[in-house]
Protein chains: 2
Amino acid sequence: MATRDDILAAATRHLNVDPRASMAVLATAAGVGRATLHRHFASREDLLHELGTRSLDRWAASLDAADAAGAAASSDPERILACLRDLLARFLADSDDFGFALTDSYLTGADDLLARSDRLVEREVELYAAAQATGVLRADVPPRWLGHAVYGLLVAAREAVRDGDVPRRDLDTLVLSTFLTGAQSR
Amino acid sequence: MATRDDILAAATRHLNVDPRASMAVLATAAGVGRATLHRHFASREDLLHELGTRSLDRWAASLDAADAAGAAASSDPERILACLRDLLARFLADSDDFGFALTDSYLTGADDLLARSDRLVEREVELYAAAQATGVLRADVPPRWLGHAVYGLLVAAREAVRDGDVPRRDLDTLVLSTFLTGAQSR
DNA sequence: CTCATATGAGACATCATTGTCTCAAACGGA
DNA sequence: TCCGTTTGAGACAATGATGTCTCATATGAG
(Lines give C-alpha, C1' and ligand atoms only; values in the text may rest on other atoms or scores of the structure.)
Protein backbone atom coordinates (compact mmCIF):
# COMPACT_ATOMS: atom_id res chain seq x y z
CA MET A 1 0.00 0.00 0.00
CA ALA A 2 1.46 3.29 -1.10
CA THR A 3 1.60 5.87 1.65
CA ARG A 4 1.41 9.58 1.03
CA ASP A 5 5.16 9.80 1.44
CA ASP A 6 5.73 7.05 -1.10
CA ILE A 7 3.69 9.01 -3.60
CA LEU A 8 5.58 12.19 -2.91
CA ALA A 9 8.87 10.38 -3.26
CA ALA A 10 7.86 8.84 -6.58
CA ALA A 11 6.56 12.18 -7.84
CA THR A 12 9.79 13.89 -6.83
CA ARG A 13 11.83 11.28 -8.62
CA HIS A 14 9.73 11.52 -11.74
CA LEU A 15 9.53 15.31 -11.84
CA ASN A 16 13.31 15.37 -11.86
CA VAL A 17 13.11 13.63 -15.23
CA ASP A 18 10.00 15.31 -16.62
CA PRO A 19 9.10 18.50 -14.75
CA ARG A 20 5.81 18.78 -16.65
CA ALA A 21 4.47 15.30 -16.01
CA SER A 22 0.67 15.16 -15.76
CA MET A 23 -1.23 13.82 -12.77
CA ALA A 24 -1.95 10.65 -14.73
CA VAL A 25 1.74 10.09 -15.36
CA LEU A 26 2.63 10.83 -11.77
CA ALA A 27 -0.02 8.39 -10.58
CA THR A 28 1.41 5.67 -12.78
CA ALA A 29 4.93 6.51 -11.62
CA ALA A 30 3.77 6.04 -8.04
CA GLY A 31 2.06 2.75 -8.92
CA VAL A 32 -1.26 4.20 -7.90
CA GLY A 33 -4.59 5.00 -9.55
CA ARG A 34 -5.28 8.51 -10.65
CA ALA A 35 -8.26 8.66 -8.30
CA THR A 36 -6.08 7.64 -5.38
CA LEU A 37 -3.59 10.33 -6.23
CA HIS A 38 -6.40 12.86 -6.14
CA ARG A 39 -7.53 11.51 -2.77
CA HIS A 40 -4.17 12.48 -1.37
CA PHE A 41 -3.76 15.72 -3.28
CA ALA A 42 -6.89 17.57 -4.28
CA SER A 43 -5.15 19.29 -7.16
CA ARG A 44 -1.90 19.28 -9.02
CA GLU A 45 -1.14 22.58 -7.40
CA ASP A 46 -1.57 20.95 -3.99
CA LEU A 47 0.93 18.28 -4.91
CA LEU A 48 3.46 20.74 -6.25
CA HIS A 49 2.97 22.93 -3.25
CA GLU A 50 3.64 20.08 -0.89
CA LEU A 51 6.78 19.18 -2.81
CA GLY A 52 7.88 22.78 -2.70
CA THR A 53 7.32 22.84 1.04
CA ARG A 54 9.36 19.70 1.50
CA SER A 55 12.21 21.05 -0.54
CA LEU A 56 12.21 24.17 1.60
CA ASP A 57 12.10 21.93 4.66
CA ARG A 58 15.25 20.24 3.44
CA TRP A 59 16.91 23.54 2.79
CA ALA A 60 16.05 24.74 6.27
CA ALA A 61 17.15 21.44 7.77
CA SER A 62 20.52 21.78 6.07
CA LEU A 63 20.97 25.29 7.43
CA ASP A 64 20.10 23.92 10.86
CA ALA A 65 22.31 20.85 10.63
CA ALA A 66 25.27 22.93 9.54
CA ASP A 67 24.44 25.38 12.31
CA ALA A 68 24.83 28.30 9.98
CA ALA A 69 23.50 30.71 12.56
CA GLY A 70 25.93 29.49 15.20
CA ALA A 71 28.86 29.71 12.85
CA ALA A 72 27.83 33.17 11.71
CA ALA A 73 27.62 34.35 15.30
CA SER A 74 30.94 32.76 16.27
CA SER A 75 33.20 35.14 14.33
CA ASP A 76 35.55 32.19 14.08
CA PRO A 77 36.97 32.01 10.54
CA GLU A 78 37.77 28.33 10.72
CA ARG A 79 34.36 27.44 12.03
CA ILE A 80 32.71 29.53 9.33
CA LEU A 81 34.76 27.92 6.60
CA ALA A 82 33.94 24.46 7.94
CA CYS A 83 30.29 25.44 8.01
CA LEU A 84 30.39 26.56 4.38
CA ARG A 85 32.00 23.27 3.46
CA ASP A 86 29.37 21.32 5.32
CA LEU A 87 26.54 23.42 3.94
CA LEU A 88 27.55 23.00 0.32
CA ALA A 89 27.76 19.24 0.69
CA ARG A 90 24.30 19.21 2.25
CA PHE A 91 22.86 21.38 -0.49
CA LEU A 92 24.27 19.02 -3.08
CA ALA A 93 22.68 16.08 -1.31
CA ASP A 94 19.38 17.98 -1.17
CA SER A 95 19.46 18.68 -4.87
CA ASP A 96 19.96 14.99 -5.58
CA ASP A 97 16.33 14.72 -4.54
CA PHE A 98 14.83 18.12 -5.13
CA GLY A 99 16.96 19.34 -7.98
CA PHE A 100 13.98 19.99 -10.22
CA ALA A 101 12.76 22.52 -7.66
CA LEU A 102 15.77 24.71 -8.44
CA THR A 103 14.37 25.79 -11.77
CA ASP A 104 10.70 24.76 -11.80
CA SER A 105 8.63 27.73 -12.89
CA TYR A 106 5.65 26.89 -10.69
CA LEU A 107 7.64 26.47 -7.52
CA THR A 108 9.65 29.62 -8.10
CA GLY A 109 6.39 31.51 -8.59
CA ALA A 110 4.15 30.44 -5.71
CA ASP A 111 3.76 33.33 -3.33
CA ASP A 112 3.96 31.67 0.06
CA LEU A 113 6.80 29.39 -1.00
CA LEU A 114 8.57 32.43 -2.33
CA ALA A 115 8.12 34.26 0.94
CA ARG A 116 9.51 31.36 2.91
CA SER A 117 12.33 31.00 0.44
CA ASP A 118 13.18 34.64 1.00
CA ARG A 119 13.49 34.05 4.71
CA LEU A 120 15.82 31.11 4.11
CA VAL A 121 17.92 33.20 1.78
CA GLU A 122 18.13 35.71 4.57
CA ARG A 123 19.48 33.11 6.96
CA GLU A 124 21.97 31.89 4.40
CA VAL A 125 23.11 35.40 3.56
CA GLU A 126 23.84 36.03 7.22
CA LEU A 127 26.43 33.32 7.02
CA TYR A 128 27.97 34.79 3.88
CA ALA A 129 28.05 38.23 5.47
CA ALA A 130 29.75 36.79 8.56
CA ALA A 131 32.20 35.00 6.31
CA GLN A 132 32.98 38.29 4.65
CA ALA A 133 33.33 40.11 7.93
CA THR A 134 35.82 37.55 9.22
CA GLY A 135 37.89 37.51 6.06
CA VAL A 136 36.82 34.05 4.94
CA LEU A 137 35.01 35.23 1.82
CA ARG A 138 35.85 38.26 -0.28
CA ALA A 139 34.08 41.36 0.89
CA ASP A 140 34.07 43.21 -2.42
CA VAL A 141 30.82 41.65 -3.63
CA PRO A 142 27.27 41.80 -2.25
CA PRO A 143 26.71 38.90 0.15
CA ARG A 144 23.54 38.08 -1.74
CA TRP A 145 25.57 37.52 -4.84
CA LEU A 146 27.38 34.73 -3.04
CA GLY A 147 24.02 33.11 -2.41
CA HIS A 148 23.16 33.36 -6.08
CA ALA A 149 26.56 31.97 -7.05
CA VAL A 150 26.04 28.94 -4.83
CA TYR A 151 22.60 28.45 -6.33
CA GLY A 152 24.05 28.68 -9.83
CA LEU A 153 26.72 26.15 -9.01
CA LEU A 154 24.07 23.77 -7.69
CA VAL A 155 22.25 24.05 -11.01
CA ALA A 156 25.54 23.49 -12.81
CA ALA A 157 26.37 20.48 -10.65
CA ARG A 158 23.05 18.90 -11.34
CA GLU A 159 23.51 19.30 -15.07
CA ALA A 160 27.09 18.11 -14.99
CA VAL A 161 26.16 14.85 -13.31
CA ARG A 162 23.11 14.47 -15.49
CA ASP A 163 25.25 14.84 -18.61
CA GLY A 164 27.79 12.40 -17.26
CA ASP A 165 30.54 15.00 -17.27
CA VAL A 166 31.29 14.66 -13.58
CA PRO A 167 30.89 11.61 -11.33
CA ARG A 168 28.62 12.27 -8.38
CA ARG A 169 31.30 11.39 -5.86
CA ASP A 170 33.50 14.24 -7.13
CA LEU A 171 30.81 16.86 -6.83
CA ASP A 172 31.34 17.99 -3.25
CA THR A 173 35.00 18.77 -3.79
CA LEU A 174 34.44 20.20 -7.24
CA VAL A 175 31.67 22.57 -6.29
CA LEU A 176 33.34 23.64 -3.09
CA SER A 177 36.68 24.38 -4.71
CA THR A 178 35.05 26.12 -7.66
CA PHE A 179 33.04 28.27 -5.32
CA LEU A 180 35.95 29.12 -3.07
CA THR A 181 38.86 29.46 -5.42
CA GLY A 182 37.32 29.63 -8.87
CA ALA A 183 38.55 28.19 -12.11
CA GLN A 184 41.83 30.04 -12.51
CA SER A 185 45.11 28.24 -12.20
CA ARG A 186 47.05 28.98 -9.01
CA MET B 1 2.97 46.57 -39.14
CA ALA B 2 4.65 43.96 -37.00
CA THR B 3 7.32 41.98 -38.80
CA ARG B 4 8.22 38.45 -37.96
CA ASP B 5 11.26 39.71 -36.09
CA ASP B 6 9.14 42.10 -34.05
CA ILE B 7 6.95 39.23 -32.99
CA LEU B 8 9.93 37.10 -32.04
CA ALA B 9 11.40 39.96 -30.07
CA ALA B 10 8.16 40.55 -28.20
CA ALA B 11 7.77 36.84 -27.52
CA THR B 12 11.33 36.63 -26.22
CA ARG B 13 10.76 39.57 -23.93
CA HIS B 14 7.53 38.14 -22.63
CA LEU B 15 8.76 34.58 -22.18
CA ASN B 16 11.50 35.95 -19.95
CA VAL B 17 8.76 37.03 -17.59
CA ASP B 18 6.33 34.15 -18.06
CA PRO B 19 7.96 31.11 -19.68
CA ARG B 20 4.61 29.38 -20.04
CA ALA B 21 2.70 32.13 -21.77
CA SER B 22 0.06 30.86 -24.22
CA MET B 23 -0.09 31.76 -27.90
CA ALA B 24 -2.95 34.14 -27.15
CA VAL B 25 -0.87 35.96 -24.56
CA LEU B 26 2.16 36.09 -26.83
CA ALA B 27 0.01 37.48 -29.64
CA THR B 28 -1.28 40.24 -27.39
CA ALA B 29 2.24 40.94 -26.15
CA ALA B 30 3.31 41.40 -29.76
CA GLY B 31 0.32 43.64 -30.46
CA VAL B 32 -0.92 41.20 -33.04
CA GLY B 33 -3.97 39.01 -33.57
CA ARG B 34 -3.78 35.36 -32.65
CA ALA B 35 -4.50 34.42 -36.25
CA THR B 36 -1.62 36.56 -37.46
CA LEU B 37 0.68 34.94 -34.97
CA HIS B 38 -0.31 31.57 -36.38
CA ARG B 39 0.31 32.84 -39.89
CA HIS B 40 3.93 33.37 -38.92
CA PHE B 41 4.32 30.31 -36.75
CA ALA B 42 2.20 27.29 -37.55
CA SER B 43 2.40 25.99 -34.01
CA ARG B 44 3.68 26.98 -30.61
CA GLU B 45 6.40 24.45 -31.05
CA ASP B 46 7.46 26.23 -34.25
CA LEU B 47 7.71 29.51 -32.39
CA LEU B 48 9.69 28.02 -29.52
CA HIS B 49 11.91 26.21 -31.94
CA GLU B 50 12.68 29.40 -33.80
CA LEU B 51 13.49 31.16 -30.55
CA GLY B 52 15.71 28.27 -29.54
CA THR B 53 17.48 28.48 -32.87
CA ARG B 54 18.05 32.19 -32.45
CA SER B 55 19.42 31.78 -28.98
CA LEU B 56 21.85 29.17 -30.31
CA ASP B 57 22.69 31.59 -33.13
CA ARG B 58 23.60 34.16 -30.53
CA TRP B 59 25.67 31.67 -28.63
CA ALA B 60 27.52 30.69 -31.78
CA ALA B 61 27.96 34.33 -32.77
CA SER B 62 29.53 35.06 -29.40
CA LEU B 63 31.95 32.19 -29.79
CA ASP B 64 32.80 33.55 -33.23
CA ALA B 65 33.10 37.16 -32.16
CA ALA B 66 35.39 36.24 -29.30
CA ASP B 67 37.31 34.02 -31.70
CA ALA B 68 37.35 31.19 -29.22
CA ALA B 69 38.79 28.80 -31.78
CA GLY B 70 41.62 31.17 -32.65
CA ALA B 71 42.45 31.77 -29.02
CA ALA B 72 42.35 28.06 -28.28
CA ALA B 73 44.72 27.35 -31.15
CA SER B 74 47.08 30.17 -30.21
CA SER B 75 48.48 28.61 -27.04
CA ASP B 76 48.94 32.17 -25.84
CA PRO B 77 47.86 32.42 -22.19
CA GLU B 78 47.13 36.11 -22.34
CA ARG B 79 45.10 35.82 -25.47
CA ILE B 80 43.15 32.94 -24.00
CA LEU B 81 42.43 34.85 -20.82
CA ALA B 82 41.31 37.88 -22.80
CA CYS B 83 39.09 35.63 -24.85
CA LEU B 84 37.47 34.18 -21.71
CA ARG B 85 36.88 37.68 -20.46
CA ASP B 86 35.31 38.72 -23.72
CA LEU B 87 33.27 35.56 -23.99
CA LEU B 88 31.73 35.86 -20.55
CA ALA B 89 30.69 39.44 -21.20
CA ARG B 90 29.08 38.36 -24.46
CA PHE B 91 27.27 35.47 -22.80
CA LEU B 92 25.90 37.84 -20.21
CA ALA B 93 24.66 40.18 -22.92
CA ASP B 94 23.08 37.21 -24.71
CA SER B 95 21.25 36.13 -21.60
CA ASP B 96 19.82 39.61 -21.20
CA ASP B 97 17.68 38.63 -24.17
CA PHE B 98 17.55 34.87 -24.14
CA GLY B 99 17.89 34.19 -20.44
CA PHE B 100 14.70 32.17 -20.30
CA ALA B 101 16.26 29.72 -22.74
CA LEU B 102 18.80 28.75 -20.10
CA THR B 103 16.27 26.80 -18.09
CA ASP B 104 13.20 26.38 -20.33
CA SER B 105 12.20 22.73 -20.28
CA TYR B 106 11.02 22.66 -23.87
CA LEU B 107 14.13 24.19 -25.34
CA THR B 108 16.43 21.98 -23.29
CA GLY B 109 14.51 18.96 -24.55
CA ALA B 110 14.15 19.46 -28.30
CA ASP B 111 16.35 16.95 -30.08
CA ASP B 112 17.83 19.00 -32.91
CA LEU B 113 18.39 22.03 -30.70
CA LEU B 114 20.04 19.73 -28.21
CA ALA B 115 22.31 18.30 -30.87
CA ARG B 116 23.36 21.74 -32.02
CA SER B 117 23.82 22.81 -28.44
CA ASP B 118 26.14 19.85 -27.94
CA ARG B 119 28.30 21.00 -30.83
CA LEU B 120 28.52 24.49 -29.37
CA VAL B 121 29.47 23.06 -26.01
CA GLU B 122 32.18 21.18 -27.83
CA ARG B 123 33.58 24.39 -29.29
CA GLU B 124 33.42 26.10 -25.94
CA VAL B 125 35.07 23.22 -24.16
CA GLU B 126 37.97 23.37 -26.60
CA LEU B 127 38.69 26.82 -25.28
CA TYR B 128 38.55 25.64 -21.69
CA ALA B 129 40.82 22.72 -22.50
CA ALA B 130 43.29 25.06 -24.18
CA ALA B 131 43.08 27.34 -21.17
CA GLN B 132 43.93 24.41 -18.96
CA ALA B 133 46.78 23.28 -21.19
CA THR B 134 48.35 26.74 -21.09
CA GLY B 135 48.00 27.15 -17.36
CA VAL B 136 45.28 29.79 -17.52
CA LEU B 137 42.61 27.63 -15.90
CA ARG B 138 43.14 24.91 -13.33
CA ALA B 139 43.71 21.53 -14.90
CA ASP B 140 42.49 19.41 -12.01
CA VAL B 141 38.86 19.46 -13.12
CA PRO B 142 37.13 18.16 -16.26
CA PRO B 143 37.03 20.92 -18.89
CA ARG B 144 33.35 20.25 -19.32
CA TRP B 145 32.80 21.14 -15.68
CA LEU B 146 34.12 24.61 -16.46
CA GLY B 147 31.44 24.91 -19.11
CA HIS B 148 28.78 23.89 -16.62
CA ALA B 149 30.14 26.32 -14.05
CA VAL B 150 29.91 29.18 -16.54
CA TYR B 151 26.37 28.15 -17.36
CA GLY B 152 25.47 28.05 -13.68
CA LEU B 153 26.92 31.48 -13.11
CA LEU B 154 24.87 32.83 -16.00
CA VAL B 155 21.75 31.47 -14.36
CA ALA B 156 22.88 32.99 -11.07
CA ALA B 157 23.60 36.34 -12.71
CA ARG B 158 20.17 36.45 -14.28
CA GLU B 159 18.49 35.78 -10.94
CA ALA B 160 20.69 38.23 -9.09
CA VAL B 161 19.77 41.09 -11.41
CA ARG B 162 16.16 40.00 -11.46
CA ASP B 163 16.05 40.06 -7.65
CA GLY B 164 17.74 43.45 -7.58
CA ASP B 165 20.70 42.09 -5.65
CA VAL B 166 23.27 43.15 -8.23
CA PRO B 167 23.11 46.07 -10.68
CA ARG B 168 23.44 44.99 -14.28
CA ARG B 169 26.49 47.12 -14.86
CA ASP B 170 28.43 45.19 -12.22
CA LEU B 171 27.63 41.82 -13.69
CA ASP B 172 30.53 41.44 -16.11
CA THR B 173 33.14 42.03 -13.46
CA LEU B 174 31.29 40.07 -10.82
CA VAL B 175 30.74 36.96 -12.90
CA LEU B 176 34.20 37.01 -14.37
CA SER B 177 35.95 37.40 -11.04
CA THR B 178 33.73 34.81 -9.39
CA PHE B 179 34.45 32.37 -12.17
CA LEU B 180 38.17 32.98 -12.21
CA THR B 181 39.04 33.45 -8.57
CA GLY B 182 35.99 32.30 -6.65
CA ALA B 183 34.48 33.66 -3.51
CA GLN B 184 37.30 33.15 -1.07
CA SER B 185 39.17 36.07 0.36
CA ARG B 186 42.69 36.56 -0.98
C1' DC C 1 -15.14 -15.18 8.36
C1' DT C 2 -17.02 -10.42 8.23
C1' DC C 3 -17.25 -5.83 7.67
C1' DA C 4 -15.39 -1.33 7.17
C1' DT C 5 -12.08 0.95 4.49
C1' DA C 6 -9.13 1.97 0.76
C1' DT C 7 -8.23 1.18 -3.95
C1' DG C 8 -8.22 0.97 -9.22
C1' DA C 9 -10.63 1.45 -13.33
C1' DG C 10 -13.23 4.10 -15.78
C1' DA C 11 -17.05 7.41 -17.01
C1' DC C 12 -17.98 12.16 -16.95
C1' DA C 13 -18.19 17.25 -17.30
C1' DT C 14 -15.13 21.13 -17.46
C1' DC C 15 -11.53 23.91 -18.84
C1' DA C 16 -7.68 26.02 -21.26
C1' DT C 17 -5.16 25.80 -25.28
C1' DT C 18 -4.36 24.85 -29.84
C1' DG C 19 -4.81 25.16 -34.72
C1' DT C 20 -8.08 26.19 -38.65
C1' DC C 21 -11.21 28.88 -41.00
C1' DT C 22 -14.10 32.81 -42.53
C1' DC C 23 -15.13 37.50 -43.22
C1' DA C 24 -15.18 42.28 -42.98
C1' DA C 25 -12.17 46.11 -42.46
C1' DA C 26 -7.75 48.37 -42.89
C1' DC C 27 -3.85 49.15 -45.54
C1' DG C 28 -0.74 50.36 -49.33
C1' DG C 29 1.03 50.63 -53.81
C1' DA C 30 -0.17 51.74 -58.63
C1' DT D 1 -9.17 56.33 -56.33
C1' DC D 2 -8.95 51.35 -56.90
C1' DC D 3 -7.66 46.67 -56.03
C1' DG D 4 -4.94 43.08 -54.16
C1' DT D 5 -2.98 41.86 -49.76
C1' DT D 6 -2.76 41.65 -44.92
C1' DT D 7 -4.90 42.03 -40.72
C1' DG D 8 -7.91 41.30 -36.45
C1' DA D 9 -11.85 39.38 -34.50
C1' DG D 10 -14.32 35.70 -33.79
C1' DA D 11 -16.40 31.06 -34.59
C1' DC D 12 -15.17 26.35 -34.57
C1' DA D 13 -13.60 21.53 -33.66
C1' DA D 14 -10.06 18.89 -31.48
C1' DT D 15 -7.16 17.84 -27.87
C1' DG D 16 -5.25 16.94 -23.43
C1' DA D 17 -5.43 17.69 -18.62
C1' DT D 18 -8.05 18.32 -14.52
C1' DG D 19 -11.13 17.22 -10.89
C1' DT D 20 -15.36 14.53 -9.49
C1' DC D 21 -17.91 10.56 -9.12
C1' DT D 22 -19.42 5.65 -9.07
C1' DC D 23 -18.81 0.95 -8.44
C1' DA D 24 -16.80 -3.38 -8.10
C1' DT D 25 -12.88 -5.36 -5.86
C1' DA D 26 -9.12 -6.03 -2.70
C1' DT D 27 -7.34 -5.57 1.82
C1' DG D 28 -6.87 -5.83 6.65
C1' DA D 29 -8.37 -5.55 11.41
C1' DG D 30 -11.31 -7.72 14.69
Side-chain angles (χ1 to χ4, degrees), chain A residues 1-55 98 100-101 103-114, chain B residues 1-55 98 100-101 103-114:
Chain A
M1 163 184 49
T3 146
R4 182 186 173 91
D5 282 352
D6 293 337
I7 295 178
L8 283 168
T12 303
R13 230 175 299 121
H14 202 270
L15 287 172
N16 270 319
V17 177
D18 176 14
R20 308 205 257 196
S22 69
M23 289 295 267
V25 168
L26 293 178
T28 304
V32 135
R34 202 165 67 92
T36 304
L37 181 56
H38 270 99
R39 276 179 201 112
H40 286 286
F41 307 96
S43 70
R44 187 177 202 277
E45 193 173 324
D46 274 23
L47 174 59
L48 267 291
H49 196 278
E50 175 89 29
L51 288 176
T53 299
R54 301 218 168 193
S55 79
F98 291 100
F100 79 95
T103 52
D104 183 279
S105 64
Y106 165 74
L107 292 180
T108 59
D111 276 352
D112 53 342
L113 295 181
L114 212 51
Chain B
M1 164 184 50
T3 145
R4 182 187 173 92
D5 281 352
D6 292 338
I7 296 178
L8 283 168
T12 303
R13 231 175 299 122
H14 202 269
L15 287 172
N16 269 320
V17 177
D18 175 14
R20 308 205 253 196
S22 69
M23 288 296 266
V25 169
L26 293 178
T28 304
V32 134
R34 203 166 65 91
T36 304
L37 181 56
H38 269 99
R39 275 179 202 114
H40 286 285
F41 307 96
S43 69
R44 187 177 202 278
E45 192 172 327
D46 274 21
L47 173 59
L48 267 291
H49 195 277
E50 175 89 29
L51 287 176
T53 299
R54 300 217 169 195
S55 80
F98 291 100
F100 78 95
T103 52
D104 183 280
S105 64
Y106 165 74
L107 292 180
T108 60
D111 275 352
D112 52 342
L113 295 180
L114 212 53

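The model shown is predicted, which means the values in this text are computed figures rather than measured ones. In what follows, every heavy atom counts, from backbone to side chain, and hydrogens, waters and symmetry copies are set aside. Quick note on labels: first sequence line is chain A, next is B, and so on, each numbered from 1.
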Students should find that the end-to-end axis angle of the helix from dC1(C)-dG30(D) to dA30(C)-dT1(D), with five pairs defining each axis and rounding to 10 degrees, is 30°
Q.
In the structure I gave you, are the side-chain heavy atoms of L26(A) and I7(A) within less than 4.5 Å of one another anywhere?
A. no
When rounded to whole Å, the CZ to C1' distance for the pair F41(A) and dG19(D) reads 15 Å
query = Do R39(A) and dG8(C) share a donor-acceptor pair, side chain to base, under 3.5 Å?
reply = yes
Set out, line by line, the N/O atom pairs under 3.5 Å between protein and nucleotides 11-16 of chain C.
none

Here the distance between atom P of dT18(D) and atom CZ of R20(A), to the nearest Å, is 13 Å
* Asked: So, is T36(A) close to the dG8(C) phosphate, meaning a side-chain N or O under 4.0 Å from OP1 or OP2?
  -> yes
The nucleotide from dG8(C), dG8(D), dG19(C) with an atom nearest the side chain of R44(B) is dG19(C)
CG (L51(A)) and CZ (F98(A)) are apart, to the nearest 0.5 Å, by 6.5 Å
Check: D46(A)/H40(A) side-chain N/O donor and acceptor closer than 3.5 Å: no
Expected output: side-chain T53(B) to main-chain H49(B) donor-acceptor under 3.5 Å:
yes
Output for pair (L114(B) CG, L107(B) CG), nearest 0.5 Å, gives 10.5 Å
In whole angstroms, the gap separating P of dA6(C) from CD1 of I7(A) amounts to 13 Å
Rounded to whole Å, CG of L47(A) lies from P of dG19(D) at a distance of 10 Å
Testing dA17(D), dG19(D), dT18(C) for proximity to the side chain of S22(B), the answer is dT18(C)
Considering only heavy side-chain atoms of M23(B), the closest of dA9(D), dT18(C), dG19(D) is dT18(C)
If only atom types and distance count, is the side chain of T36(A) paired as donor or acceptor with the main-chain N or O of V32(A) below 3.5 Å? no
Here the distance between atom C1' of dG19(C) and atom CG of L26(B), to the nearest Å, is 15 Å
With no hydrogens and no angle check, is any side-chain donor or acceptor of D104(A) less than 3.5 Å from a backbone partner on A101(A)? no
In whole angstroms, the gap separating P of dG8(D) from CG of L37(B) amounts to 10 Å
Atom NE2 of H38(B) and atom P of dG8(D) are separated, to the nearest Å, by 14 Å
When every non-hydrogen atom of Y106(A) is compared with those of E45(A), the smallest separation belongs to OH-CG, 3.2 Å
Atom CG of L48(A) and atom P of dG19(D) are separated, to the nearest Å, by 11 Å
| task | Measure the shortest side-chain to side-chain distance between F100(B) and T12(B) over non-hydrogen atoms and say whether it is less than 4.5 angstrom. | result | yes
